[in-house]
S.K.: 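One structure, pasted below without further comment.
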Amino acid sequence: MNIFSLLTYVLITLGLVSLLLAEIVSWPVFLLVALLVAVSPMRERWGLKYSKNTINVIVLGIIVYLLWRIFFTGADYLAQLLTFSLVLLAAKLYSPKAYRDHIQIFVICTFYLIAATLKLATLAYLGLFLVYLFLGIGYLILLNARRDFYWSRQGARVFEEGPEEKDFSLPPEIRQQVNRYFFLRLCSYFLFALLSSAAIFYLIPRFTIGYLGQQSDMVEISSGFAEDVQLGDLGQILLDDRPVMKVYIEGKSPVGRVGIRWRGITLDRFDGASWKVSPEMMQNSQFWFSRRQERPYLQVVNDPQFLEPNCTEHIELEPLNTRMVFHRPEVMAIEMVPFKNRRSLRNPDIHSIRLIQPADNYYFSNMDLLQYNERMRYFNQRQDRNQDGNQPFHLWLDRIESSYNQPISYKVYSHIAPPPEQALRNETGSDPPWIENYYLQLPAEGMDRYETLAREVTAGANNRYDQAEQVELWFRRQFTYTLSPPAESEGMSLGEFLFDYRRGHCEYFSAAMGVMLRTLGIPARVVNGFASGEYNRFGGYYQIRQKDAHSWIEVYFPSQGWVPFDPTPPQTEELLNPLKYIRQAFSVVESTWIKYVVDYDFRQQRRLFGGAFGFLRPRGPGRLPGLNLPNISSSPAGQKYTAIGAGVLLILVGGGLILASVLQLRLGRRAGSAARRTRPKTPDEKAAVDFYRAMQKILARKGFQRLPGQTPREFARSVSEKIPGFQTRVELVTDTYYAVRFGRQDLSGTLRDQVRQSLHEIKKVKI
Amino acid sequence: MPDKKDKIRLPSRFSDFQWGLQREGLLLYVLMFAIGLAAYNTGNNLLFLFVSVMATVIVTHSCLNYFSRQNHEIERRLPSTLVAGEIFTVTLRLHNKKRFFSSHAILLQEDKPELRQFGRVFFGNVRPGQTAIRHYDALLPGRGRYQFGPLWLRSRFPFGLSLQSMRYVIPEEVIVYPAIHSVRPELLAAGSMQGYIERPDKGFGFSLYGLREYQAGESSRLIHWKTSAKMDRLMVKEFEDEQLKRATVLFENLFTGDSRRDRDDFEKKVSDAASYVAHLIRQGWQVELVTLSAHFPFGQGAQHLDRMLRHLALIEPAALSKEQARQRLAPAVRSDGGFSIQVSTQTEESKVRTNPLSAPPWFVQAPEEPVSMEKKP
C-alpha cells in the first residue's frame, strides 16, 4: 500500500465517519460499508476482481431499484441518494480505477462531509473537516501529478483522459517527491488554504433567501427533563452528555442550602406510583404579559413583598420538551434577552409567562394579551357546545400550547436568601390552609409502613427542620445512588426502593423523602430541575447537560417559605474524572467554534468589518430606546435595505463568477482544442496501429506486458533485451508503427507483408 | 542556422498565454454554485464554510500554479544530423530561475501538430535554481528545412482545475536530410570488390612496394626494424597504391509535374541519390555529386557527405529542358573516376555507368526500390 492508496482509504474513512457522527447512517450500514472498504485492497488477492461492465450492470440495477423505491413506494429521495452514493463508492473500489474514478471517489467522500453539515456542527465535525482538508490537498496534488505523468508518457492519448494506469500505482518520479519536503509543503498549503478560507468565509455576505424551502430542522429536542416523576421509568437518559443549558451568573451569587439548583417544576400530588402537578393547581394560572410589544420585555413579579434581586442569571436554554422556565428561587423578574454568543439565534415569539401558583411553576407562552382574550372568548363559546365543557380554561390552554423547538435566551432576576438553620429550627408558625390542602396529600391507603419508617428515622427530632434533615441524612448515608440499578429491580415501586433494594436514582430519593415527610405532617413537594452541572472556568459559565437532570424536595416553613433538601447521595465519579479540565477546555473551543463559525451572521459581519459594508447597513429606526442592542431583524425598513444591499452584492459576486466561468470556458475550449488537435488517422495509420496492437497482444500472451507509461520503443527494447531473437521482428513492427503513424510514411504492400510475416514469426516463437 | 538569441522570445503577448478550465474545475464551480445556493437558502454556516473552502481551492490553485510555472529558462537540444524517417531524440532542458519556489508538475509540449503527440515531457519537481533534463523521441517524415516551433509550458499543478499554458518561442531551424535507405547488395559487393583491385604504383595499399631511407617526420610505424638493423640506418616501408575508389552520382533533378505523385516520385529520387552518396562515402569512396544546380567535386569523409546531403535536402526540381540537362551533366559523365550512377526524375530506374577497369559487367542494372525498414548502421 503506497501513500496514494493510503490517502484514498483515509479520506473514505473520514467521509463515512462524518456520516456516522451525524447519524445519517446507522451503525450496521456503517459497519457493512466499512467492511467492504476494508476488504477492497484484497480484491485481487481474493479473486474479487470485476470488470467495469459487470460493475456498471450492478450499479444500473441498483439505480433502477432505488428509482422504483422513490416513485412507487414514496421513499425519501435523499436517503436513496445516499444509498446510491454508498453503492457507487463500493463499486468504484471493486473495479479498475482510472483517473476519473479517483475523482469520483473524492467527490463522494466530500459529499458525505457536506451532508454531515446538516446534522453535525460540533467540534468533532471541525476536527474531521480540518483533517479532511489537509489530506484532501495532498491527495489532489498526488492525483494530478500522477495524471500528468502518465499523460506525458502516453503520447497517443487525448489530453483530458487519464492513462489506463493501475489502480493506485504511483510512478517513481512522483513517489520520490513524497518526502518530508512534500509534507512541509503540504502544511504550508494547508495553512494558506485555512487562512484564505477564513477570510472568504467572513467576507461572504450573510443573509438567508429561504425561497427554495425552509431551513432544515437542525434542532434536536432534548428530552432529559420530565414534568412529572414516574418511578421506574428513567432509562438511560441520565447518562446523556448533550448540553441542555448554559448559565452565566452575573456578579456574586448566593448559594442555597443544597448548592446551586435550577428549579423547573414542583410536583404536589402523589398517587402511589408517580408525582404530578394536580389539575387544581393548574387552574391557578396567571399570565405576565409583555408590557412593550416592540422589544424584549421585562416583567416584574407583582408581589407585595417585592425584594430587590440579588442574583442575575443569563440562561441560554437548548430546545427542550417543555416550556418550563428554569430558575433559582425567588424569582423577581424574567427578561427575554438576545443570546450572549450565538448572535444569529433569535428567541421564539414569547409574549407572556404563565405562572402556576402556589407551585411557583413558570412557563413560557407565545400568547399576548389579545390572543389570550380571544382564546378565552373562544373557550367560553366552545364550552357551550362541547361535551368536555367542564374542563377548566387553563388546563385547556395547557393542552393547546406546545414546547418550542428553538433555543431560548432569558435572564432571571432572583432574590436568594437562604434562611439560617437556627431560624428554621425555631419555626413555630402554623401552615396556611392552602399548604395543607396541596402539600400534605397522600394516597388513602398503604402509607402506614412509610409513616412507621419515618418516625423511626426521625426519632429524637423535635422540630420540622431537624426531622427533615434527619430523613435527608438517613437517605444520604444508608442508601446508594445508582444510574444502573440491578435488572431485577427494574420498575421497582417506592416501597421496594425503601425496604428492599435501597438503591436508585434521584427521583426515588426525592419521592420517598416527600412521602415520608408528608406522613409526618410536614408539607413537602418534589422539585424537578437541574443540578449545578459543570462550571467552565475558561468560559465563565455553568454547562448543564442532560445527565444533570435532578430531583429534590422542598419543605415548607411558615415564616421562611420553601427550603430545599436533597436526599440523593452525592456522586463521586465526576470528582475523580481526570479529564474534567480537558473537557472544559474543549467546551470553550467548541463555544468559540459555534460563536464564530456556526452562528456567524450578518450582525457579527457588520461589526467585524465596520464601514466596509456600510452600504448594507439598515436604514431603519436605529437603536431602540432604552436598550443598547442593535435591532436588525425587527425593523421592516432595515430588513428591506439589508436585503437590497446584500442582493446587489450577491448579484455582483455571482455575475463576476459567471463571467469568469464563461471566459474560462471560452479560453478553455481554445487551450483544450489546441492540446487535443490531432490529425485524423489515414487507413495506413490505422493498419499500423492494428499491427502494433496485435503484436502487443501476442507478446502479452508470451508474458511481455507493456508497462504503463512505457513508450513503444522502450517496450521493444525491453523485449529485445530479454529475447534477443525477437529483436529484428519486434523492432520492425515498432518502427513501422512510428514511421507510418507519425512519420506519414505509406504502408506499402511489401512493408505490410513484412510486418505480417514478422507478426507470424513472433507468434510462432516458443519461450 | 539562425542565431537563436535573436529570436528567442519569452511569453509576453496575449496569445502566448492559454487558460483552459478542466473538467474538475467545472465540477468545482458547479458544486460551489449549488452549495452556495443551499447555504443562502438555509443559512447554514457550515455550507458557507464549504463554499469558502471551494473558493479557496480555486485561489490556492491559481496562486500555486502561478508561482510554479513562472520564471523558467527552456532549451531544446537537437542531434547534429536529422534524417527524414529516422527516429531521433530531442532533449528538453528546464531551468528553474526562481529563488524560492520549486516548479512542480510541469509539462513541456511541442507546438507543432506533428510533434505534439510525442513531443511532451513531464518534470515532477525542479527545485529553485536547478535544471532538469528530459528527452523525447521524434521522427520527421520529409527532407528540407524544418522549423521547430514554440514550446508550450503547461501546468495543472496543484489540483488539476485548470490548464495554464505559456508559449516559449524557441525557433530552431534544422535541415532534415533525405531519407536514406539501404542500397542493393550487388552495389555493396561491387564497392567492396573495387576497393581490393591494386595498381603497381606507390600508395597506401596493403602490399609492400619497397624500402627506402627514413626521412624526418615520418611515422615510426613505417620503419622496417629488421632491415634497419642490418643496414645500420633507419629504413621505412613503402606500399603499393590501391585503385582509386571514385564514384560519381549524377542526379538529374528535372521538373516533371506538380501532381502529388510527381512530387512523391521526385522525393523518392532524391532519397535514392542521397542513399547512394551516403553508402559510398561510408564505404570509403571518393564521391562526386553532380546535380542540375550544383557540383560537388570528388571528396571523402563526413564533412563532404554532410555538404552533399545538405544540398540534396534542399534540392528542388529544376525547370530545364532535357537537352539542357544533358549538357549540364555531360562533363560529369566523362569523368574518369570509378563509376557513375545516374539518378533521373525522367526515368523509372537509375542508370549506372561503370569504368571497364573497375566494375563487373552485371553492375549495369539499376538498383531496385528500397525494400525494408532495416536499421541503418
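All values below were derived from every heavy atom in this structure, side-chain atoms included, with hydrogens, water molecules and symmetry-related copies excluded. By convention in this document, chain letters (A, B, ...) are assigned in the order of the sequence lines, proteins followed by strands, and residues within each chain are numbered from 1.
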S.K.: Within this structure, what is the OH-CZ distance for the pair A:Tyr139 and B:Phe159, rounded to the nearest 0.5 Å?
M.R.: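 It comes to 13.5 Å.
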S.K.: Could you give the distance from CZ (B:Arg23) to OH (A:Tyr99), rounded to the nearest 0.5 Å?
M.R.: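 It is 9.0 Å, given to the nearest 0.5 Å.
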S.K.: Any idea which of A:Ile174, A:Val597, A:Leu143, A:Ile103 has the most non-hydrogen atom pairs under 4.5 angstrom with chain B?
M.R.: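 Among the listed options, the one with the most contacts to chain B is A:Val597.
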S.K.: What I want to find out is whether A:Arg147 reaches B:Glu24 closely enough, with some N-O distance under 4.0 Å, to be called a salt bridge.
M.R.: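 B:Glu24 and A:Arg147: salt-bridged.
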S.K.: Using heavy-atom distances under 4.5 Å, tell me whether A:Leu142 contacts chain B through its side chain, its backbone, both, or neither.
M.R.: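 For A:Leu142, there is no contact with chain B at all, as no heavy atom is under 4.5 Å.
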S.K.: Using non-hydrogen atoms and a 4.5 Å limit, figure out which bit of B:Leu49 sits close to chain A: side chain, backbone, both or neither.
M.R.: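 Contact with chain A: backbone and side chain both.
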S.K.: Compare all side-chain heavy atoms of A:Tyr181 with those of B:Ser102 and state whether any distance is below 4.5 angstrom.
M.R.: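 Of all side-chain heavy-atom pairs linking B:Ser102 with A:Tyr181, none is under 4.5 Å.
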S.K.: Check each atom of B:Val53 against the heavy atoms of chain A and say whether the ones under 4.5 Å are side chain, backbone, both or neither.
M.R.: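 For B:Val53, heavy atoms of backbone and side chain both lie under 4.5 Å from chain A.
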S.K.: Please look at B:His104 and chain A and tell me whether the side chain, the backbone, both or neither of the residue comes under 4.5 angstrom of a heavy atom of that chain.
M.R.: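 Contact with chain A: side chain only.
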S.K.: May I ask you to decide if B:Arg156's main-chain N or O and A:Asn144's side chain share a donor-acceptor pair within less than 3.5 Å?
M.R.: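 Yes.
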S.K.: Is A:Leu195 in contact with chain B via its backbone, its side chain, both, or neither, using a 4.5 Å heavy-atom distance?
M.R.: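 When you check distances to chain B, no heavy atom of A:Leu195 falls under 4.5 Å.
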S.K.: Is B:Asn125 reaching over with its side chain to a backbone N or O of A:Gln177, donor-acceptor style, under 3.5 angstrom?
M.R.: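 The answer is no, because no donor-acceptor pair under 3.5 Å joins these two groups.
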S.K.: Please classify the contact between A:Tyr125 and chain B as side chain, backbone, both or neither, with a heavy-atom cut-off of under 4.5 Å.
M.R.: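 Only the side chain of A:Tyr125 comes within 4.5 Å of chain B.
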S.K.: Under 4.5 Å between any side-chain heavy atoms of B:Phe50 and A:Thr110, yes or no?
M.R.: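 Touching, per the 4.5 Å side-chain cut-off.
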S.K.: Answer yes or no: is there a side-chain heavy-atom contact under 4.5 Å between B:Phe122 and A:Pro171?
M.R.: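 No, every pair of side-chain atoms sits at 4.5 Å or beyond.
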S.K.: With only heavy atoms counted, which part of A:Phe129 is less than 4.5 Å from chain B, the side chain, the backbone, both or neither?
M.R.: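 Looking at A:Phe129, just its side chain touches chain B.
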S.K.: Minimum heavy-atom separation for B:Val51 to A:Ile204, with atom names?
M.R.: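 Closest approach of B:Val51 to A:Ile204, heavy atoms only: CG1-CD1, 4.2 Å.
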S.K.: What's the shortest heavy-atom distance between A:Phe201 and B:Ser52, and which atoms?
M.R.: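 Taking every non-hydrogen atom into account, CA-OG, 3.1 Å.
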S.K.: Let me know if B:Leu108 has heavy atoms under 4.5 Å from chain A in its side chain, its backbone, both or neither.
M.R.: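 Neither part.
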S.K.: Side chain, backbone, both or neither: which part of B:Leu64 has an atom under 4.5 Å from a heavy atom of chain A?
M.R.: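 For B:Leu64, the contact with chain A is made by the side chain alone.
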S.K.: Return yes if a side-chain donor-acceptor contact under 3.5 Å exists between A:Ser196 and B:Thr56, otherwise no.
M.R.: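 There is no such pair between these side chains.
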S.K.: About how many Å separate CG of A:Asp148 and CZ of B:Arg120, when rounded to the nearest 0.5 Å?
M.R.: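 Answer rounded to 0.5 Å: 10.5 Å.
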S.K.: Can you name the one residue among B:Leu46, B:Leu47, B:Leu31 that meets side chain to side chain contact (heavy atoms under 4.5 Å, CB included) with A:Ile114?
M.R.: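 Only one option passes, and that is B:Leu47.
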S.K.: Does any backbone or side-chain atom of B:Ile35 lie under 4.5 Å from a heavy atom of chain A? Answer side chain, backbone, both or neither.
M.R.: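 Interface part for B:Ile35: side chain.
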S.K.: Check ring-ring contact (aromatic ring centres under 6.0 Å, His included) between B:Phe123 and all other residues, then give those that pass, not counting sequence neighbours.
M.R.: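 B:Phe123 satisfies ring-ring contact (aromatic ring centres under 6.0 Å, His included) with no other residue.
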